[in-house]
Structure formats: C-alpha cells, structure tokens
Amino acid sequence: MKNKTSYKAVLYRDASLRAGFWDGKAIDKQTNPAGESADYWIVDFLASDFRVTPKQGTSRLATTLQDAIKTADIAVKQEIVAAATLARTLPRISMSINEFANRFNLSAAARESVSQQLRKPKYQEPLAEIQDQVGARIITYYQSDVARLDPLIQQWFRPIEYRDHVPESHWEFGYFGRHYILAIPSDVISAGWPKEMIPRFFELQVKTLFEHAWSEAEHDLGYKPGEAPLTPQQTRSLAYTSAQAWGADKMFDDLFRECAGTTGGATH
C-alpha cells in the first residue's frame, strides 16, 4: 500500500483448503483509480484468473470439447463425444477440467487432447500485460544505497508494485535484487508515437555492484544452460559465489558506514 488512495488488496475465501475453487475479490487502485485490477497482477502475481459466468464456462467447455474432437483419433473422439453427451445432464456446478475428466473417467489420451485445447498463450495483450518490455537497472556501490534510493523513486515515478528478491530460506544463497514496476512517465512519450504500441509499465531493478555482477554471470551459466542442465555440484557452486558476493556487499557496506561515521564523509 502506497497510501489510502493508491493500493492493491485481495481477499480469498473458501470452505476448504484442500479442494475446490477459492473465491476472491481484488481491488487495484494503483494502476486504475476505478479499482479495476491489472491482468498481470491477477494472473502472474496472484496465480489466479477472473471468474466466468456459468454461461461463459459452459460455452468455453463446449468449444474446448468440439476442438478436441476435431483433432483426436477415433477412440479418443468417441470418449469425448460420450462425455459431452452425459455432461448435458449435469447440475449447475463449478468444476475444473480435471474434475470433469475424473467424473467421466476420461483416458490419459483424452485428457491430453482436451487439455491441449485449453492451453492459450500466456499473454493475450503483450503490450499491456508484459511488465518488463522496457527495463532499466540502477547499480549502487553499497547495500545501504538501495534503501536510500527508494524515496527518490517513489517521488519521481508512479510505482505499481515492488519486490525484494531474496532466497526463500535464510540458509540459502542465490538471486538478490529489488525490482520495481513503474508506470512509464508521459513526458518521455513522443506525441507522434502510436499509443497502441506503447507499453504502460517498465521494470526498474536496483542492485549493488556485486549483485549485478553475480546475476549477469548466473544468467549466462545457470538461467539459460541450454540442453545440459547444471549438475547439483554446479548449482552449489553458484550458490557459493552468491554467498561470497553477499559477504563482500556486507563488508563494504559496513566499512562505508564506519568511514562515513568516523570521518564525516559524504554518503552516496
């Protein structure tokens, strides 16, 4: 929450933590003052999707089954046709495609045929949904500078959200960095540019020099390893170098603070 008029909030509710769909209500007054939520926040960040009406759900299922029938072999086609016929007798209930397949005991081949038709591109409107088409990175000498930059970023840009990327466990080492999603300022957009080709957001990363160096090498070695994935020993080696980078950051930041405190040196 940035302030009481610019914030994001979501509430999930369900009778069980183990089965069924969770109902959720979301409000997003950072990207849209009216409270309409950005698709990328719902789908990517919250790993959720927008509710459909019973009519929309039934229509989507019917289209999916029809498309699956067109591409399936005879045996699978007969399975799907039989399931579609029996589905007409179902009461008005919500169910996932897996629950539908289980109810009608579809074979693995039939499940795969139906699932293939449900798969859709991750982004329907890439220019509006992909957050990091435009990106920038600020590299600092010292870890304390990362926090020192935050009020300046908040002052000069319109933040949508930010996240501190750290390993899940305190016993682990890996990627470190602060990522902001910011609205693209209107004053950098030329009046002659077509609006439909201009992304709404950009990503700003703030890292120390050691975090930057480690992430660039790790990206080349570990994030895109090609056909040969890293071995457990190689992965440990990357974690070890991250620990060394973290240690170097801490030592330099401690020294910087000590020197600034004892000599009155300027901060950065």
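Keep in mind that this is a model prediction, so the values were computed, not measured.
In this structure, the separation between CH2 on Trp246 and NZ on Lys250 is 6.0 Å, given to the nearest 0.5 Å.
Between Phe202 and Gln133 the shortest side-chain heavy-atom distance does not fall below 4.5 Å. In this structure the side chain of Val81 never reaches within 4.5 angstrom of the side chain of Glu79, judged on heavy atoms. Under the 4.5 Å side-chain criterion, counting only non-hydrogen atoms from C-beta, His179 is not in contact with Val206.
Across all non-hydrogen atoms, the minimal contact from Thr231 to Gln234 is N-OE1, 2.9 Å. Scanning both residues, Pro167 and Gly174, for their nearest heavy atoms gives CG-N, 3.5 Å. Between Asp249 and Glu211 the shortest heavy-atom distance is OD2-CG, 3.7 Å.
Salt bridge annotation for Asp73-Lys77: absent, with no cationic side-chain nitrogen under 4.0 angstrom from a carboxylate oxygen. Salt-bridge formation is detected for the pair Arg148/Asp145: a Lys NZ or Arg NE/NH1/NH2 atom is positioned less than 4.0 Å from an Asp or Glu carboxylate oxygen.
In this structure, Phe100 has its ring center under 6.0 Å from that of Phe104. In this structure, Phe252 has its ring center under 6.0 Å from that of Phe210.
Under a cut-off of 6.0 angstrom, the local environment of CD in Gln155 is crowded, with over 12 non-hydrogen atoms contributed by other residues, nucleotides or ligands.
Between the side chains of His212 and Arg137, a donor-acceptor pair is found at a separation under 3.5 Å.
Taking the six-membered ring where tryptophan is involved, the planes of Phe173 and Phe176 are tilted, since the angle between them lies from 30° to 60°. Ring planes of Tyr142 and Phe256: parallel class, angle under 30° (limits at 30 and 60°).
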